[in-house]
Amino acid sequence: MDADVIVIGAGLAGLRSARHLEQARLAVVVVEAADAVGGRVRTDVVDGFRCDRGFQVLNPAYPAVARWIDVAALQLQDFGVGAIVRTGATTTTVAHPLRHPQHALRTITSGLLPLTDLLALARWLGPTLLDARAATRATSDETLRASLDAAGLTGRLRRDVLDTFLAGVLADSSGDASANYVRLLLRSFALGAPGLPREGMQAMPEQLAAGLREPVRLGTAAREVRDVADGVEVTTDGGALRARAAVVAVGPQHVADLTPLGAPETHGLTTWWFRATGEPRTGPFLLLDASRPGGGPAGPVWNTAVISEAAPSYAPPGQHLVQATTLLGEPDGRAGEQEVRRDLARLYGTATARWEVLAHHVVHHTLPAQAPGPIRRGPIWTGERVLVTGDHRETASIQGALVAGEHAGAAVAARLAG
């Protein structure tokens, strides 16, 4: 035997699973096809700029993050609690009045927060805000779109703010996501201020990997997993490995490559990263576009931000880093550079012709789709000693990935102990 357990995939779920198994005093080998840990949580460094692969944030209010990540060591740089909303030629900063009192009057008088919408949101989100179990233990669920309609949340707060913001978070503008899942997401945003680690989002999985007794075997793709008489055998590019059990924690698009399970549905987005000239000052806020009649963006960009305003470590001193996100599910989700530049010029009210493209990430499988139904399904055994896990088995989030890994580690440890 090469180990007690082989973990396939060094994303958040795989790394958390390996940490749990090692804490259970089991010998673990983690294999990863890529050249670094992180899975979908990766950061490229380009000319001194940090460009995450897909715009991501770390929310310290996630219980799993608070429990298993040393957030203080990551030196989190916070975004503002709110957003800048562009409607036509007007931009309005809508922000938490207690955390950003300088924006309180403008927020209240913006017209983006009608009282009817605020009351409807309170009714819709209130129980989950007070207790997450209101969503996780709910016996019924429906689509986000139907749920918000039924709650009477149909005014400007919905169409000019929430719909656009959530489309970027979910990488999906259809409104078909689980309403209970979105309640959990909004609860975390209400309780915490998301931010970016000083060294980029990849610093989080690197922290998890650094705690393992044996380094992750990078550049070692798994090609086959099968049960054998005394455990499992994993065929990799580096040869065959044997263990008493295996955890398959690959990205959702690769689940069908190694198991009899089908590939879960996913949603995708693209992120453009620009070195911006001039001084595009927005403060530490996300900029949402609601310029289309009836709400939603008038161009391909669903959200954008001057990342260096919120996270100065993402850019060299005195320089500006701007991200722009498009959704692959939209007809213009694969818009070209010039179309994105024109849209950013409109959104920021400044010339963008001299902005330099640092990176353009097309992330086809950003997040698993979270359809209405049970939120936490747990890992699934596909053989006597092979367990499949990942955020597609929990919630499509950093929280879900960490919880999925923990549950998988516990399940394998229990089976081997038996």
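Everything numeric here is computed off the predicted structure, so don't read it as measured data.
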Using the six-membered ring wherever Trp is involved, compare the ring planes of His100 and His103 and label them parallel, tilted or perpendicular (cut-offs 30° and 60°).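 Tilted.
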
Atom pair CZ/CG of Arg187 and Leu130 - distance to nearest 0.5 Å: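 Interatomic distance, Arg187 CZ to Leu130 CG, rounded to 0.5 Å: 8.5 Å.
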
Have [X] and [Y] got a donor and an acceptor in their side chains that come within less than 3.5 Å?
X: Thr270; Y: Thr326; value: yes
X: Thr43; Y: Asp52; value: yes
X: Gln323; Y: Thr304; value: no

Under 3.5 Å donor-acceptor pairs involving side-chain atoms of residues 408-415, not counting sequence neighbours:
unit_1	atom_1	unit_2	atom_2	d
Arg415	NH1	Glu384	O	2.7

Just jot down the side chain to side chain contact (heavy atoms under 4.5 Å, CB included) partners of Arg133, sequence neighbours excluded, or say none.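 In terms of side chain to side chain contact (heavy atoms under 4.5 Å, CB included), with neighbours along the sequence ignored, Arg133 is linked to Asp131, Thr136, Arg137.
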
Restricting to side chain to side chain contact (heavy atoms under 4.5 Å, CB included), what partner residues turn up for Val65, sequence neighbours left out?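 Partners of Val65 under the side chain to side chain contact (heavy atoms under 4.5 Å, CB included) test: Leu58, Tyr62, Ile69, Val71, Ile398, Leu402.
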
Can you tell me if Arg40 uses its side chain to pair, donor with acceptor, with the backbone of Gly11 under 3.5 Å?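 Looks like no, no N/O pair under 3.5 Å.
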
[Y] side chain reached by [X] side chain, heavy atoms, under 4.5 Å:
X: His254; Y: Ile8; answer: no
X: Arg217; Y: Glu32; answer: no
X: Arg223; Y: Asp257; answer: no

